[in-house]
Visitor: 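If you scroll down you'll find the structure; I have some questions about it.
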Amino acid sequence: MSDTATPTGPAPHSASSNPTTPPFASPVDYDAYGLYGPGRGFDNGKGFQRPVYRFQGRITADGSSGYPAVPGRYHLYISWGCPWAQRTAIVRKLKGLDDVVSLSYVDDVRDGRGWAFRERHGPDPVNGFEFLAQAYEATEPGYDGHVSVPVLWDRETRKIVSNNFPGITLDLGTQFGAWARPSPDLYPASLRPEIDALNERVYTHVNNGPYRVAGATAASDNEELRQAMIALLEELDERLGRSRFLFGGEVTEADVRLWPTLARFDTGYNPLAGVTERRLTEFGSLWGYARDLYQLPAFRETTDFTSFGGLVRGPAPTFVNEAPWRIRVEPRLADWDLPSGRDGLS
């Protein structure tokens with residue numbers, strides 16, 4: 001998100017001086033810029049603490065927040081590999097907002113300068129930035145916090161509306177009714193208290209769980225965090241043995257929150273953190289449920305499994321605390337196209 005930042009900020013690439021060439025960032029250079037993390041909220045030797053997301057503006061249908069839900073005004077900056085960002089892309093596609101809220105991808109790899117725009121996924125189509133940090137600087141001059149995705153950008157004010165994924169997904173799912181598909185209703189009023197309660201538990205122990213396990217500095221903390229994540233995975237596995245999705249036969253915000261973690265579990269999260277010797281494929285109902293959702297275009301078309309290995313390829317993230325008591329798990333990509341076998345559930 002899921003390390004020494006240069007104090008002078010991102011170095012511009014010479015390509016930007018040529019008006020006929022898209023402005024791309026210079027290649028990743030760990031020797032010159034270090035790894036991403038220190039000074040941005042991810043420091044080695046401390047228990048993992050997710051940095052605060054400073055920009056939490058909200059879009060509203062009536063515009064009362066200052067950000068009205070209108071087509072063409074907003075742009076999403078995301079990464080293929082980032083689960084927090086993928087949730088916004090899933091909701092955007094589930095609600096049919098592809099032509100309402102535009103979207104582009106940063107490069108898959110970052111050094112101490114943070115997320116950047118390179119040839120692999122194309123230039124920034126909105127601002128011509130080379131580094132996403134420039135969007136943060138434009139919003140808050142002197143910004144020194146975590147440079148994260150997703151970023152919801154406002155073309156009108158030329159500032160970030162939000163980098164807080166829960167608010168972004170809820171607003172995309174509920175505030176664009178005049179342009180969005182009515183189904184699925186991702187956040188039905190009658191289920192909101194239950195969805196919110198489950199989302200809070202899933203966030204703490206599953207979405208954020210691998211980071212906390214990987215960052216544990218003591219064996220006792222590591223074991224406690226591991227067991228908390230395993231226990232909730234087992235509870236969800238049992239629940240999904242009775243129900244097609246988390247709240248019945250329709251996809252909700254809760255499924256959007258859970259799925260990106262499951263998609264990365266065997267190839268990234270478990271090898272990174274050493275949560276359990278069990279693979280996702282050994283949680284029978286969870287594995288079938290994950291494949292069931294993958295058959296939906298909103299999940300499949302926003303997924304690139306080759307980008308998920310970034311957690312275990314190359315330099316380890318700076319929040320990872322290596323220790324002899326850590327479980328070692330090899331990455332493995334299962335066959336996501338196998339039939340889910342869940343057609344009889346509702």
Side-chain angles (χ1 to χ4, degrees), residues 1-2 5 9-10 22-25 36-37 40-42 50-60 65-93 95 97-98 100-118 120-173 175-176 207 256-257 260 302 304 307 310:
M1 271 247 316
S2 170
F24 289 122
Y36 182 83
R40 295 289 189 176
F42 297 103
R50 186 163 296 283
V52 173
Y53 298 102
R54 294 190 194 174
F55 306 111
Q56 299 193 20
R58 302 296 297 269
I59 294 176
T60 49
S65 64
Y67 297 108
V70 293
R73 176 166 172 172
Y74 305 103
H75 182 81
L76 274 170
Y77 291 114
I78 69 171
S79 160
W80 279 105
C82 176
W84 315 97
Q86 186 181 11
R87 294 176 177 102
T88 65
I90 290 171
V91 172
R92 173 179 174 266
K93 192 163 286 291
K95 298 304 289 184
L97 297 175
D98 297 46
V100 176
V101 177
S102 57
L103 176 149
S104 62
Y105 290 89
V106 295
D107 191 30
D108 296 334
V109 185
R110 57 182 168 172
D111 55 25
R113 296 170 292 177
W115 296 116
F117 299 92
R118 298 189 176 91
R120 185 198 310 263
H121 298 310
D124 170 11
V126 176
N127 296 295
F129 294 148
E130 297 172 28
F131 294 90
L132 193 60
Q134 293 170 262
Y136 282 81
E137 179 68 22
T139 305
E140 181 183 304
Y143 180 83
D144 61 354
H146 180 31
V147 178
S148 64
V149 288
V151 161
L152 183 65
W153 177 263
D154 179 15
R155 285 181 169 90
E156 185 170 305
T157 63
R158 297 186 56 78
K159 292 183 178 181
I160 294 171
V161 177
S162 178
N163 67 336
N164 186 47
F165 91 86
I168 298 173
T169 59
L170 288 174
D171 293 349
L172 292 177
Q175 298 303 305
F176 285 86
N207 301 153
V256 174
R257 299 284 184 95
T302 61
D304 176 8
S307 71

Visitor: Has Arg113 got its NZ or CZ under 6.0 Å from the middle of the six-membered ring of Phe131, at an angle within 45 degrees of the ring axis?
Guide: no
Visitor: Evaluate the side-chain proximity of Tyr105 to Ser79: yes if any heavy-atom separation is below 4.5 Å, no if none is.
Guide: no
Visitor: Please check this pair: side chain of Glu130 against backbone of Ala116, looking for a donor-acceptor N/O pair closer than 3.5 Å.
Guide: no
Visitor: Could you tell me which residues satisfy side-chain hydrogen bond (donor to acceptor under 3.5 Å, both in side chains) with Tyr74, sequence neighbours excluded, listed by chain and number?
Guide: none
Visitor: Find the distance between CG (Asp171) and CD1 (Ile59) and round it off to the nearest 0.5 Å.
Guide: 6.0 Å
Visitor: List the steps, then state whether side chain to side chain contact (heavy atoms under 4.5 Å, CB included) holds for Trp115 with Val151.
Guide: CA-CA 11 Å; Trp115 296 116; Val151 161; over 6 Å; no
Visitor: Of all the heavy-atom pairs spanning Ala138 and Trp153, show the shortest one and how long it is.
Guide: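 It is CB-CH2, 4.2 Å.
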Visitor: Is there a side-chain contact between Glu140 and Phe55, using heavy atoms and a 4.5 Å cut-off?
Guide: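 The answer is yes, as the side chains (C-beta and beyond) meet within the 4.5 Å cut-off.
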Visitor: By side-chain hydrogen bond (donor to acceptor under 3.5 Å, both in side chains), which residues pair with Asp108, not counting sequence neighbours?
Guide: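 His121.
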Visitor: Kindly give the heavy-atom pair with the smallest separation between Leu172 and Lys95, and that separation in Å.
Guide: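 Between these two residues, the closest heavy atoms are O-CG, 4.0 Å.
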Visitor: Can you tell me how far apart CG (Asp304) and CD (Gln86) are? Round to the nearest 0.5 Å.
Guide: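 With rounding to 0.5 Å, CG (Asp304) is 9.5 Å from CD (Gln86).
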Visitor: Between Leu76 and Ile168, is there a side-chain heavy-atom distance shorter than 4.5 Å?
Guide: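 Ile168 reaches Leu76 side chain to side chain.
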Visitor: Apply the test ring-ring contact (aromatic ring centres under 6.0 Å, His included) to residues Tyr77 and Phe117: give CA-CA distance (whole Å), side-chain angles for both, the deciding distance (0.1 Å), then the verdict.
Guide: CA-CA 10 Å; Tyr77 291 114; Phe117 299 92; 5.6 Å; yes
Visitor: Report the C-alpha distance between Glu137 and Phe129 in whole Å, list the side-chain angles of each, state the deciding distance to 0.1 Å, and finish with yes or no for side chain to side chain contact (heavy atoms under 4.5 Å, CB included).
Guide: CA-CA 11 Å; Glu137 179 68 22; Phe129 294 148; over 6 Å; no
Visitor: Would you indicate whether the side-chain heavy atoms of Phe176 and Val100 approach each other to under 4.5 Å?
Guide: yes
Visitor: Is any side-chain heavy atom of Tyr67 closer than 4.5 Å to a side-chain heavy atom of Arg73?
Guide: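 Yes, their side chains come closer than 4.5 Å.
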Visitor: With no hydrogens and no angle check, do the side chains of Thr60 and Gln175 hold a donor and an acceptor under 3.5 Å apart?
Guide: no
Visitor: Determine, stepwise, if the pair Asp154 / Lys159 fulfils salt bridge (Lys or Arg N to Asp or Glu O under 4.0 Å).
Guide: CA-CA 6 Å; Asp154 179 15; Lys159 292 183 178 181; over 6 Å; no
Visitor: Quick one: pull up CG in Leu152 and CG in Leu103 and give me the separation to the nearest 0.5 Å.
Guide: 10.5 Å
Visitor: Between Arg118 and Val109, what is the shortest heavy-atom contact and its length?
Guide: NH1-O, 3.3 Å
Visitor: Hey, mind stepping through His75 and Val101 against side chain to side chain contact (heavy atoms under 4.5 Å, CB included) and telling me if it holds?
Guide: CA-CA 6 Å; His75 182 81; Val101 177; 5.9 Å; no
Visitor: Side chains of Asn127 and Arg155: do they bring a donor and an acceptor to under 3.5 Å?
Guide: no
Visitor: Donor-acceptor check, side chain of Ser65 to backbone of Arg58, threshold 3.5 angstrom: yes or no?
Guide: yes
Visitor: Would you call Asp107 and Arg120 a salt bridge, using N to O less than 4.0 angstrom?
Guide: yes
Visitor: Using the six-membered ring wherever Trp is involved, compare the ring planes of Tyr136 and Tyr143 and label them parallel, tilted or perpendicular (cut-offs 30° and 60°).
Guide: tilted
Visitor: Taking atom CG of Asp124 and atom CG of Leu132, what is their separation to the nearest 0.5 Å?
Guide: 8.5 Å
Visitor: Is there side-chain contact between Pro260 and Ile90, with at least one heavy-atom pair below 4.5 Å?
Guide: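 Side chain of Pro260 against side chain of Ile90, heavy atoms only: contact under 4.5 Å found.
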Visitor: Check the pair Arg87 / Ile78 against side chain to side chain contact (heavy atoms under 4.5 Å, CB included), numbers first and verdict last.
Guide: CA-CA 10 Å; Arg87 294 176 177 102; Ile78 69 171; over 6 Å; no
Visitor: Kindly compute the distance separating OG1 (Thr88) from CG (Leu170), expressed to the nearest 0.5 Å.
Guide: 12.0 Å
